[in-house]
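Following: one structure in structure tokens, then a few remarks.
For this chain, numbers begin at 1 and follow the sequence in order. Worth saying up front: this structure is predicted, and the values here are computed from it rather than measured. Hydrogens, waters and symmetry mates play no part in the numbers below; they use all other heavy atoms, side chains included.
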Amino acid sequence: MKLISPCAITIMAWVSRTLAFSATRHFSNRLLVSRPMQSFRLSDSGNVLSWRRLNTRTFLSATAEAPSSTTPKNMEWVQNAVLDAMNELFDPAEVARGAALAKLNKGKKKKKKKKGGEDDTPPEPEMSEDEKQAIADQAAAEAKPFTLSDTMVTLATRPEFGDYQVNAAMGLSKSVGMNPQECARKIIEKMMPTIEDIMEEPEVAGPGFINLKFKKEYLTSVVGQMAGDTTGRLGLPKTSHKQKIVVDYSSPNIAKEMHVGHLRSTIIGDTLCNLLEFTGHDVVRLNHVGDWGTQFGMLVEHLRDEYPEALNVETSQDVDLGDLVQLYKAAKKRFDDDADFKSRAREGVVKLQAGNKEELAAWEALCAASRVEYQKIYDMLNIKGLTERGESFYNPFLNDVVEDLEKQGLAVKSEGATAIFLEGYENRDGTPLPMLIRKSDGGFNYATTDLAAIRHRVQMASEDGGEKANRVLYVTDAGQSQHFEMVFKAAKIAKFVPENASLEHVPFGLVQGEDGKKFATRSGDTVKLKDLLNESIRIAGEDLRSRAENQGVPDDQIDKVAQIVGIGAVKYADLSMNRESNYRFSYERMLSLNGNTAPYMLYAYARICGIIRKASGQESAAKIVWPEASEIIITDDAELGLIRNLVQLPDVLKEVEKDLYPNRMCDYLFETSQKFNKFYENCSVNNAESPEIKASRLSLCTATAGTIR
């Protein structure tokens with residue numbers, strides 16, 4: 001037996017690091033999906049919070065390397081095998097030539113005659129053979145080498161077809177003058193030296209599909225490695241193409257409380273960071289807070305009257321500004337109602353931007369007070385490693401950005417302001433849509449700051465304070481899509497973006513109420529994020545206290561578990577949705593023990609731990625000891641189904657790394673738990689037919705628990 005620390009990084013730690021729950025004492029032997037899950041038991045005080053402890057050190061474990069035995073294969077490995085075969089068999093230039101000729105020689109559809117008479121449209125002139133050859137020659141000259149996408153590899157659509165399907169033969173066959181099945185067999189012949197130790201004999205199906213199925217020996221070897229990997233990496237190696245990736249997310253505004261609108265950016269952005277770090281990339285987490293702008297003149301002048309000590313450098317950091325939301329509302333009311341105050345506020349902006357000491361001291365006091373409030377939310381959500389890099393940080397670079405764009409002729413004067421006009425962007429009346437980078441009063445716009453940030457993030461070397469990133473992700477709401485399209489296009493035209501760098505907007509939809517309308521309080525105000533999270537914790541706590549089996553459990557223990565379940569439910573509910581869709585916020589649905597929810601996943605994990613405890617005679621109050629990995633023996637189709645699902649993990653990771661949709665990971669974890677339920681219903685662990693089969697099934701339990709956790 002070997003002890004695996006509960007701090008080991010695992011898949012569930014990326015999806016929601018706050019989802020923390022361990023083994024409970026009693027488990028039903030029936031399928032979880034066959035009836036509603038009834039309860040969380042809190043009797044195991046020593047372990048009910050083990051996932052919470054795991055989360056606090058998740059990044060320390062993320063750097064561990066996987067063992068160097070059987071390397072798990074993924075779709076990219078199959079694609080490369082097919083690509084090598086295609087390159088050996090076919091010349092891309094001749095394939096392009098053949099495709100062009102096939103298209104040109106394809107019979108044209110007869111036009112339908114007009115109703116009531118003959119079609120008087122003159123027939124298109126026939127193209128001569130020389131003209132066709134000229135077009136084919138041009139296609140051959142412009143042909144590019146085959147790429148992974150040309151291999152047309154997909155996951156198998158049905159389990160009986162195997163693990164992967166290769167569709168390249170159908171498209172190639174017409175271009176190279178072969179029967180599709182013959183083309184498929186030639187590809188298989190060239191692939192075999194690469195795949196024969198891993199795959200069963202490939203099958204050509206239908207018009208030319210190639211079905212690939214992993215050998216059982218490979219499957220059992222990989223899952224055994226997953227079960228035996230004490231680093232928590234489940235046997236997965238880190239990427240061989242390490243990138244520096246900047247993720248811009250959360251981005252609250254100074255002197256304003258975080259609200260429900262910040263929920264998705266914070267949760268999605270942090271999850272993507274966790275996953276990208278796990279895969280081996282160098283991730284920089286940036287919080288682009290709104291800490292600059294005209295509203296600060298108003299706030300500073302209000303502080304001058306109400307909190308004068310905030311304008312003194314020596315005392316500003318010690319001032320208690322109270323409720324920042326109320327402070328902002330009071331300042332805004334004065335700005336709207338008092339002309340003299342409005343004039344002072346505008347002058348205050350100029351003084352602040354000029355670096356006046358008093359204004360700067362007040363501004364810094366506001367920023368410091370806001371950080372304290374944000375950190376409370378980040379602590380609740382277990383958000384770590386987020387570096388503040390607000391709008392003010394980029395102020396010194398803004399003039400240079402505008403001057404550079406003007407020199408290149410991209411920025412021009414427009415009605416006293418300076419703007420960029422990009423092709424393809426128009427107002428509703430058809431006039432060109434300007435992207436303002438300097439206002440007529442000399443102030444700068446969001447686009448200017450974003451352009452300066454891009455230069456800092458992808459151009460400036462780290463020794464000069466920049467990031468020199470290969471990939472920059474902006475996790476914001478879908479309403480900002482056009483803004484980022486225009487900013488990215490302008491940056492590329494201005495050559496602010498090196499060829500090896502990519503800028504990607506990661507948009508998400510709105511959080512709505514259960515009625516599909518704006519998610520708001522009864523009075524119509526925006527829901528504060530703090531109140532939303534506290535309400536989820538309250539509901540989870542009430543449910544736990546109402547259960548008979550939890551009577552007598554200390555309140556502090558129930559409170560801790562309620563926080564784990566309540567916060568985890570909010571996070572997982574967000575992540576399990578396609579991020580581009582609006583979603584209806586429902587406490588009842590997200591806290592349900594049925595379906596693809598956090599409580600379901602927590603229960604599934606706890607259930608597996610209970611199986612292992614019972615099989616090994618472990619006390620439920622002690623830290624769980626995972627059994628030594630044993631040889632995996634397949635005796636039932638349910639075992640094979642679970643194993644095939646577990647080995648899909650590298651493909652799921654790769655897909656999320658590329659496309660940035662965390663719901664794909666949630667779907668996979670939910671499917672994993674369902675496959676495990678079917679396995680456990682059909683394959684007894686504690687009453688297995690032999691000690692060897694019992695050890696094998698315990699290893700399957702360990703690998704599944706590690707994947708979920």
Side-chain angles (χ1 to χ4, degrees), residues 16-21 40 42 48-49 51-52 55-56 250-253 255-271 287 320-329 369-384 386 510-515 518-547 550 553-577 583-593 597-599 602:
S16 182
R17 281 180 284 160
T18 313
L19 298 186
F21 199 74
F40 282 111
L42 302 180
V48 74
L49 302 176
W51 272 19
R52 167 70 77 181
N55 293 328
T56 61
S250 192
S251 308
N253 293 308
K256 292 184 180 179
E257 202 157 6
M258 289 180 76
H259 54 77
V260 67
H262 295 106
L263 178 69
R264 303 204 73 185
S265 177
T266 305
I267 292 174
I268 295 170
D270 193 62
T271 296
N287 196 1
D320 182 1
L321 299 179
D323 189 327
L324 290 174
V325 174
Q326 294 305 316
L327 185 145
Y328 186 92
K329 287 181 177 179
S370 298
R371 289 187 194 104
V372 171
E373 295 305 311
Y374 301 156
Q375 193 56 49
K376 293 176 184 177
I377 299 295
Y378 293 147
D379 288 343
M380 291 180 76
L381 293 172
N382 204 23
I383 306 297
K384 300 182 184 297
L386 187 55
L510 301 174
V511 180
Q512 299 174 325
E514 291 192 65
D515 58 1
K518 177 185 176 182
F519 190 49
T521 63
R522 289 182 179 178
S523 62
D525 294 332
T526 301
V527 177
K528 297 177 182 178
L529 185 50
K530 178 174 62 179
D531 293 344
L532 179 149
L533 297 175
N534 284 332
E535 179 66 4
S536 184
I537 295 168
R538 184 192 67 77
I539 295 172
E542 283 187 356
D543 182 70
L544 290 167
R545 286 184 170 87
S546 70
R547 298 181 183 276
N550 294 333
V553 177
D555 279 347
D556 62 339
Q557 188 174 340
I558 287 183
D559 289 341
K560 288 178 181 178
V561 176
Q563 176 145 347
I564 291 163
V565 176
I567 297 295
V570 172
K571 295 180 76 172
Y572 193 89
D574 194 312
L575 296 169
S576 63
M577 299 293 297
Y583 88 94
R584 298 186 179 187
F585 192 94
S586 167
Y587 290 112
E588 181 180 358
R589 187 164 54 246
M590 67 179 56
L591 287 164
S592 172
L593 280 164
T597 66
L602 296 172

- Task: Given side-chain contact (heavy atoms from CB on, under 4.5 Å), test I537 with I567 step by step and report yes or no.
- Result: CA-CA 7 Å; I537 295 168; I567 297 295; 3.8 Å; yes
State the [atom1]-[atom2] distance between [X] and [Y], to the nearest 0.5 angstrom.
{"X": "K518", "Y": "T526", "atom1": "NZ", "atom2": "OG1", "answer": "4.0 Å"}
{"X": "K528", "Y": "I377", "atom1": "NZ", "atom2": "CD1", "answer": "10.5 Å"}
{"X": "M380", "Y": "L533", "atom1": "CE", "atom2": "CG", "answer": "4.5 Å"}
{"X": "L602", "Y": "T597", "atom1": "CG", "atom2": "OG1", "answer": "8.0 Å"}
{"X": "I268", "Y": "D270", "atom1": "CD1", "atom2": "CG", "answer": "11.5 Å"}
{"X": "L327", "Y": "K256", "atom1": "CG", "atom2": "NZ", "answer": "13.0 Å"}

State, to 0.1 Å, how close [X] and [Y] come at their nearest heavy-atom pair, and which atoms those are.
{"X": "M258", "Y": "P252", "result": "CG-CB, 3.7 Å"}
{"X": "T266", "Y": "H262", "result": "OG1-O, 2.7 Å"}
{"X": "E373", "Y": "K530", "result": "OE1-NZ, 4.5 Å"}
{"X": "S536", "Y": "G566", "result": "OG-O, 2.8 Å"}
{"X": "V565", "Y": "P599", "result": "CG1-CG, 4.1 Å"}

Fill in: Polar side-chain atom of S592 near backbone of E588 as donor-acceptor pair, under 3.5 Å
no
inquiry  = For R547, is there an ion pair with D543 - N to carboxylate O distance below 4.0 angstrom?
reply    = yes
Taken in chain and number order and not counting sequence neighbours, the residues that satisfy side chain to side chain contact (heavy atoms under 4.5 Å, CB included) with A573 are M590
The ring pair (Phe, Tyr, Trp, His ring centres under 6.0 Å) partners of F585 (sequence neighbours excluded) come to F519, Y587
Taking side chain to side chain donor-acceptor pair (under 3.5 Å) as the test, write out the residues that go with [X], two or more places apart.
{"X": "N253", "value": "none"}
{"X": "Y378", "value": "S250, N287"}
{"X": "Q326", "value": "none"}

Worksheet item: Side-chain contact, heavy-atom cut-off 4.5 Å: D531 with E535?
Response: no
Quiz item: Given side chains that start at C-beta, do those of V325 and K329 come closer than 4.5 Å, heavy atoms only?
Solution: yes
Taken in chain and number order and not counting sequence neighbours, the residues that satisfy salt bridge (charged side-chain N to carboxylate O under 4.0 Å, His left out) with R545 are D555, D559
